[in-house]
Every structure is written in structure tokens, then in C-alpha cells.
Amino acid sequence: MARDISTVGVVGLGTMGAGIAEVLARSGLDVVTVELDEAGVARGRGHLEHSTERALSGGKLDADGRAELLGRIRYSISLSDLSDVDLVIEAIPESLELKADVLTELDKITRPEVVFASNTSSLSITEIGVHTTRPGKVVGMHFFNPAPVQKLVEIVKTVVTEPEVVTEVVAFAERLGKVPVVIGDRAGFIANALLFGYLNHAVRMYEQRYATREDLDAAMRFGCGYPMGPLALLDLIGLDTAYEILDTMYHQSRNRLHAPAPLLKQMITAGQLGRKTGRGFYAYDAPDSPTVVSDASVQSTVEGVPPRPVARVGVVGTGTMATGIAEVFAKRGLEVVLRARSLEKAQASVARVKKSLDKAVVKGKLSEEDAALALGRITPVTDFEALADVDLVVEAVAEELSVKQAVFAALDEVARPGTVLATTTSSLPVIECAAATSRPSDVIGLHFFNPAPVMKLVEVVSTIATAPDVVATASAVCSAVGKHAVHCGDRAGFIVNALLFPYLNDAVKMLEAHYAGANDIDTAMKVGCGLPMGPFELLDVVGLDVSLAIQRTLYNEFREEGFAPAPLLEHLVTAGRLGRKTGKGFKDY
């Protein structure tokens, strides 16, 4: 293929094939497309006309440019019309048999030097390539949907792919304005291998009624900054497509976490495939519509239960989280009693709150008067007795069970009956804190995210003993201070960490296996999945020691083999490479 590519064949004109054809034509290439029959051609032409019409109305294309683009695309129902193309991209449905048949035919029709690229998202390129006489010229070229918008292209090489073919396909992807990452041939490649384990885990949480679909999705949007929640994303991808990808991954990896959740099969059988059928995890106002309509399956966790009144709040602790929570409450008009072990620590905490409020004033987010009022609402104390008349106490001390239990035992002695006792733990069992008191029904988890004044999410964690009006109170308090509450049960990781850290651990295992480099994996997840940070950037920010502790907690609770911490993570922590805080982690700073 050491020559200029001017004409490209595209086999298959579904959503992906039509999108790829548009990308090629936008780049000035002539495109010959092939579909099974005239009906398929008409559907493909419709996709292209609709997509370019949207680009025209959005000002991304003018009328002449659109006409020129569409004029570069020819349509056919015969593979023999690809005899003169310089490259073929196959984008037919995810069936190894169908793809093998197409490539066998193309092998007879095209010139010997022509490269075949498959857009498969999960099938083995090696298995596809062996059905030709030129397996060294077969690669994966996995575009992401919608192809005209998404920048990432995974270039998949097999053990027999010729190195110069990889080099030239990478250059070709760059010519199309894409960001290529080169990887080996294994199920799911980078993005899907990491993404679909996480999506499957979310389905299992929903299936087990651990959390509602709305709370699962909101947790990942507000807690991690993801553009979409996992269940809404599955509806967009299509549940049938997700099932096929997971099933292929499971058959290659035999990792139980890739085994499709039974609920997926049930929904597919019922015809609930997501947006394309108008119903999946959510109901939509029409097939292919993004507009969600309400349905009977939405239920509030605290509906009809009156909350307890909360006007005064106690905060125990002086760390970043404690001072952040104190600031959140004080800014919203609640009186705050901040308990520290010494007066010096208490005063230092109030000084940190003042510094944060001053920053908000400088940025124009808060008036000087409101900042002064907020600061005036915080009373620093050193005795637990000073918390005797508060309505809610939030514990935010060190993440050690014995330390937290001592705090709860002390609170049990002084807090008046009816006071809600909350812990901000991110990984310890809330029921263990409750057990240190004589009033476990008054104890709940309120997991704020760092930095508390900025992050909107709070996970409200109920134990098997938490009273319904305590749950209602926690929910009402979150609403009063402008936070988005999501409800879940008391098990390791709650929602966010339980979904996030196995994904991060899988990324470490992928790096450990020398499948792809840290930068390529980060690029794939940011560019391909729209995540705000790649897994290794995020691990270095969180701290590898903190990440390892959370992963160990998840493994010890669920005993899932796939949750066992990656040895590489253990080794880096042992070596003192903890991420940004030590200047070295997966990357050097």
C-alpha cells in the first residue's frame, strides 16, 4: 500500500458505514459503497443525506460543500465494483461468518496490494484475516459512533500484520483528521474492553435493585464528570450491540465480569433495545429519539415520609472534607458546630474555610457580605458535649473504622434523641459505625465528594437498620444545600467507587499485559468515550495508595476474581510511586 490512496471502498451502509463514507468524502477521497440490495443503498443514502443536512443547518458545511461531498460517493450492490479501489473498509454487522465471506470475495476482486480494514468493535481481526490470501494486509480500523464527530480510531494489528501496513493506516487515519491508537488483537480492543465491563457492572447493580436507574446514571455524571450515565449510554449504543460485544469479550477472556447480565438478554427478547426501539432502560417519545418520557418504573426512595427538621449541624473533623462540608452548610444558612481535637486545629479549619470563601468572593461567586455571614455561622469547639443540641452530625474523620467507631460512641453519649448521625466514609461499612451506638436506626452514610463545595453529588447510604425518616432527612438536607442525592445500600464502594475502581483496575491490568501504553489507553478513553480524564491520569490524581485500598475493600467484600488488585498497582505503591502527591505514579510529574 506504499502509494497514494485516492479511492476507498466501504462495504456496509448502516449507521457506521454511512458515517465512515461521510468522513472519507469530507477528506476529499472518492468513495465506492456497497450494500446487499437497493433497499440497503436507499437506507444508506438516507443516513448520509440526513447527516449532511444537519451539518448544513448547523453551519458546519455550506450547500456547495455538501453537494461536492455527496458527489464523491458512489453506490453499488456488487462487490465487483471495488476492483479498482486503493483500500477497503468493511462495516457490516458483527458476525464473523459474514465478515469472513465478504473478505474472501474481496480477496478475489481487488489488487493484491490492497489493504482490508475491518470496523469490527469486538471480533478477532486474526480470525477475519485468515479467510484471505493476504492476512498481512488485514487490520482493524475501529471508528466510533458517530464517525463524523468522534475523533478516535483504534488501529488493530495482528501477529502477522505487516509493519508498513500499520504505519500507512495510521497515517491514513491522521489524514482523515482522526486520533489513531495502535493496539493488538484482543476482544474489545482498548475502549470497549474497559467501557463494557463497567456498563455490565451497572446493569447488575440495577438488576439487583441496589440503586435506581436515575441514581446510577446521576452518580457517574455528577461524581465522575462522565457525559452520560451507564444505563443511558447503553440505550444509546443499543442493548443488542452491547450484548454481542460483552458475549464476544467473555468468550475470549472467560472473565465473569464480561458475562452479559441476564437482564440484558431479557430486555432484548422483549424488544427493548434502547433508543432505536423507543424503549430500553428508559422510555423515549419515539424510536431513535433522545427525548426521555416518564414511565411507571420511577420510584422515589423517600416518597411520603416526612423528614426531621434540621437547622443546626455538627461536623466532626478538621481535614479537607470536614472543612468543605462545614462551608457547604454555612453558605446555605445552617448553623455549624465544627468539632476538632484541639482549639488550634479548630481555628486552622475555620481559617481554611475563610480562605475558600475569600476565593469565591474574588471569583464573583459570592458577595463579601454573604461570605462574612457564612463564616459567622461556624462555631469551632473541642468538646463532643458542644454537639448536644444539633439536629444532624456529619463525621468526617480519618478513614479508619476504629477511629470512626470511637467518634460514633462519643456522639451516642451526647447527642439528643432524634439527632441524625451521618458518616462521610467512602469505603467502610456504615452499619459498623451504627453498631457503635445504641441508636442504629438514626445512622446513615452521607458520602460527599471532594472538593465538597464544588462537587454536586452526595451518596445517601442506608443500612438495613436506617429509619425511613432518617433517609428522608438526609435527602432533604442534600436538596437544601444544593446537592444531588443518590440513594444506595450499604456495601463496599457504594455506587461511584464500585463502578469506577474495577474499571481503573482493568486499565492497570491492560497496561501490565503490555497490550497498550498508558498514554494510548488514556487517549482512547478520553477521545473515544468522552471521559474527562484517562484512567492513569485519574489514578495519579486520586493517589495509588488510596486506589489500592478501595480496590482491596471491593475485592474483600465481593470476592470477585476480577476485582483482585492488579499486581502492578501493588508494586507501584510498595515502591512509593503514589501519583501526583509524590511526583511519580504511572507518569512522572
Side-chain angles (χ1 to χ4, degrees), residues 222-223 302 307-340 345-361 365-384 386-397 404 407-408 411 414-416 418-426 442-461 469-486:
F222 292 122
V302 292
R308 301 176 188 181
V310 175
R312 281 172 65 79
V313 178
V315 177
V316 182
T318 54
T320 309
M321 188 55 83
T323 54
I325 292 168
E327 180 184 334
V328 165
F329 286 127
K331 279 199 297 199
R332 291 291 179 141
L334 292 156
E335 294 295 324
V336 180
V337 181
L338 181 63
R339 188 267 168 186
K345 281 182 177 289
Q347 288 168 339
S349 293
V350 174
R352 278 205 296 276
V353 175
K354 183 179 186 305
K355 189 178 176 183
S356 176
L357 292 169
D358 288 345
K359 268 189 194 171
V361 171
K365 294 180 178 176
L366 200 64
S367 71
E368 283 188 33
E369 184 187 359
D370 285 341
L373 287 170
L375 197 65
R377 293 187 191 107
I378 301 174
T379 307
V381 301
T382 55
D383 297 324
F384 276 106
L387 300 170
D389 64 344
V390 300
D391 307 306
L392 162 71
V393 184
V394 181
E395 163 279 306
V397 300
K404 290 184 184 291
V407 168
F408 274 87
L411 291 171
V414 300
R416 60 174 172 70
T419 300
V420 174
L421 307 179
T423 173
T424 60
T425 182
S426 61
D442 289 337
V443 179
I444 196 162
L446 274 180
H447 178 213
F448 286 78
F449 284 70
N450 198 22
V454 176
M455 297 294 283
K456 269 192 80 73
L457 185 71
V458 178
E459 290 176 319
V460 176
V461 186
D469 66 334
V470 170
V471 181
T473 304
S475 194
V477 164
C478 288
S479 182
V481 297
K483 299 298 181 187
H484 187 105
V486 296

Residue of the set L421, V397, V337, L338 for which side chain to side chain contact (heavy atoms under 4.5 Å, CB included) holds with V316: V397
Would you say that V310 contacts V420 through its side chain, given a criterion of any heavy-atom pair below 4.5 Å between the two side chains? no
How far does CG of N450 sit from CE of M455, to the nearest 0.5 angstrom? 8.5 Å
So, does K345 use its side chain to make a donor-acceptor pair with the main chain of G317 at under 3.5 Å? no
Determine whether V470 and R308 make a side-chain contact, defined as any pair of heavy atoms from C-beta on separated by less than 4.5 Å. yes
Please report the interatomic distance CZ(R339) to OG(S349), rounded to the nearest 0.5 Å. 11.5 Å
What residues, two or more places apart in sequence or in another chain, satisfy side chain to side chain contact (heavy atoms under 4.5 Å, CB included) together with P309? none
Are any side-chain N or O atoms of S475 and backbone N or O atoms of V471, one a donor and one an acceptor, separated by less than 3.5 Å? no
Please find the pair of heavy atoms, one from V460 and one from A485, that lie closest to each other, and give the distance. CG2-CB, 3.9 Å
Which pair of non-hydrogen atoms, one from A374 and one from A330, has the smallest distance, and what is that distance? O-CB, 3.4 Å
Just by distance, do the side chain of K404 and the backbone of E395 share a donor-acceptor pair under 3.5 Å? no
Taking atom CG of L392 and atom CG of L446, what is their separation to the nearest 0.5 Å? 6.5 Å
Working to the nearest 0.5 angstrom, can you tell me the gap between D370 CG and K331 NZ? 10.5 Å
Distance-minimising heavy-atom pair for A346 and T318: N-CG2, 4.4 Å
Heavy-atom pair of closest approach, residues S367 and V361: O-CG2, 3.8 Å
Closest heavy-atom pair and its distance - A371, L357: O-CD1, 3.7 Å
Taking V315 as the fixed residue, which of L387, V393, I378, V336 is the one that meets the side chain to side chain contact (heavy atoms under 4.5 Å, CB included) rule? V336
Is any side-chain heavy atom of V390 less than 4.5 Å from a side-chain heavy atom of R416? no
Please round to the nearest 0.5 Å and tell me the distance separating atom CD1 of I325 and atom CD of E327. 11.5 Å
Least distance between heavy atoms, T424 atom then A396 atom: OG1-CA, 3.4 Å
Nearest 0.5 Å, what's the NZ-CZ distance between K483 and F222? 11.0 Å
V407 and F384, any side-chain heavy atoms less than 4.5 Å apart: yes
Go through R312 and D389 one step at a time and tell me if the salt bridge (charged side-chain N to carboxylate O under 4.0 Å, His left out) criterion holds. CA-CA 8 Å; R312 281 172 65 79; D389 64 344; 3.5 Å; yes
Evaluate the side-chain proximity of V481 to L334: yes if any heavy-atom separation is below 4.5 Å, no if none is. yes
Please examine the side chains of T419 and D442, heavy atoms only from C-beta on, and report whether any two atoms are closer than 4.5 Å. no
